[in-house]
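Read the structure below first, then the notes.
Heavy atoms only: backbone and side chains are in, while hydrogens, waters and symmetry mates are out. Position 1 is the first residue of the sequence, and the numbers go up from there. As the structure is a prediction and not an experimental result, all values here were calculated from the model.
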Amino acid sequence: LCIDEGAHAAALLRFGDHVQIGETVFLFSHTDPLEERILHRQKLEAIGRLGAGKGEQIAADVCSHIGSRLIVAGNGPAPAGTEHVGVIGAKRRGELMAKARAVFVPTVYIEPFGNVAVEAQACGTPVIATDWGAMTETVEDGVTGFRCRTFREFVTATEAVKSLDPVAIRARAHRLYSLETIAAKY
């Protein structure tokens with residue numbers, strides 16, 4: 001789930017051409033600078049498998065409450081009042097995430113990892129997540145996004161993400177989850 005609303009305009013992409021997480025490669029080049037994408041961040045998005053505890057209704061309710069559009073990508077029925085773009089490939093997913101103000105990952109069960117949260121951060125996009133499961137390790141509260149326990153915290157996070165540094169978000173994802181980092185552990 002992503003929010004896009006013209007966040008930061010001062011960040012510059014200063015390292016690497018790509019970030020690879022698993023089989024997904026997110027490309028970043030000097031012809032597609034991070035600051036250009038940030039200028040147009042308006043949407044909130046939800047990306048991934050829908051239903052069965054993924055919490056997309058939470059994101060839809062938050063967006064309805066704040067009067068923001070919610071883009072939902074994934075397999076399964078999307079909540080009413082959202083823009084459902086269906087199942088999308090890795091390239092389109094990276095494009096959506098990179099242009100979003102934030103990506104919602106409001107799982108209502110104990111998420112064992114949560115690739116979507118890490119993929120969003122690899123794009124320099126903050127994550128708004130629940131405060132349990134893997135999100136306590138993959139989302140650094142107040143740095144790469146916000147971990148929430150109440151509806152009010154989710155609402156507050158949709159504005160607070162505007163203050164986060166996309167370059168720092170992306171750098172942390174690269175440092176912790178890049179192919180080079182993970183490969184060295186095996």
Side-chain angles (χ1 to χ4, degrees), residues 1-9 24 26 34 36-136 138-139 141-142 144-164 166 169:
L1 305 169
C2 301
I3 302 174
D4 179 11
E5 205 179 85
H8 309 281
T24 304
F26 296 95
L34 187 56
E36 286 296 316
R37 293 192 310 259
I38 291 166
L39 287 172
H40 299 93
R41 289 186 166 180
Q42 304 262 332
K43 299 172 295 269
L44 289 165
E45 297 177 9
I47 299 174
R49 184 173 50 84
L50 304 176
K54 289 295 190 174
E56 63 273 2
Q57 188 62 54
I58 294 169
D61 292 345
V62 168
C63 287
S64 176
H65 181 78
I66 65 171
S68 184
R69 183 172 68 142
L70 176 67
I71 297 175
V72 179
N75 187 21
T82 64
E83 180 184 334
H84 188 212
V85 296
V87 176
I88 56 175
K91 181 178 180 193
R92 178 74 175 126
R93 186 170 64 243
E95 292 168 354
L96 276 176
M97 287 180 172
K99 293 178 181 176
R101 184 185 351 152
V103 173
F104 273 98
V105 186
T107 61
V108 294
Y109 75 104
I110 305 301
E111 182 78 54
F113 182 69
N115 282 350
V116 170
V118 173
E119 290 173 355
Q121 292 172 64
C123 294
T125 303
V127 175
I128 300 172
T130 43
D131 191 24
W132 47 75
M135 299 308 129
T136 62
T138 59
V139 178
D141 197 50
T144 64
F146 293 95
R147 297 191 316 260
C148 308
R149 291 179 170 259
T150 67
F151 186 79
R152 174 57 42 207
E153 288 175 353
F154 277 105
V155 169
T156 301
T158 64
E159 284 299 313
V161 293
K162 294 177 183 179
S163 69
L164 301 180
I169 293 168

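Taking 4.0 Å as the cut-off between side-chain N and carboxylate O, R147 and D141 do not count as a salt-bridged pair.
Within the model, atoms CG of L70 and NE2 of H84 stand 10.5 Å from one another, a figure rounded to the nearest 0.5 Å. In this structure, the separation between SG on C148 and CE on M135 is 12.0 Å, given to the nearest 0.5 Å.
No donor-acceptor pair under 3.5 Å is formed between the side chain of Q121 and the backbone N or O of G145. Side chain of E159 to main chain of V155: no donor-acceptor pair is present (N/O by atom type, distance under 3.5 Å, no hydrogens or angles). T136 places no side-chain N or O within donor-acceptor distance of the main-chain N or O of W132, the cut-off being under 3.5 Å.
By the 4.5 Å heavy-atom criterion applied to side chains, T82 and C63 are not counted as neighbours. Using a 4.5 Å heavy-atom threshold, the side chains of M97 and V116 count as touching. Between V127 and T144, every side-chain heavy-atom pair lies at or beyond the 4.5 Å cut-off. You'll find the side chain of T125 stays beyond 4.5 Å of the side chain of E119, heavy atoms only.
Shown here for P166 and G124, the closest heavy-atom pair between the two residues is CB-O, 3.3 Å. Of all non-hydrogen atoms in A60 and P79, the two that sit nearest each other are CB-CB, 3.6 Å. The heavy-atom pair separating V139 from A129 by the smallest distance is CG2-CB, 4.3 Å. In terms of heavy-atom proximity, A120 sits nearest to V103 at CB-CG2, 3.7 Å. Taking each heavy atom of P106 and I58 in turn, the nearest pair found is O-CD1, 3.7 Å.
Residues meeting the side chain to side chain contact (heavy atoms under 4.5 Å, CB included) test with V85, sequence neighbours left out: I71, A73, E83, I88, L96. Residues satisfying the side-chain hydrogen bond (donor to acceptor under 3.5 Å, both in side chains) test with T130, not counting sequence neighbours, are T107.
Aromatic ring centres of H65 and F154: separated by at least 6.0 Å.
Within the structure, salt bridge (Lys or Arg N to Asp or Glu O under 4.0 Å) contacts touching residues 102-116 (residues at least two apart or in different chains) are K54-E111.
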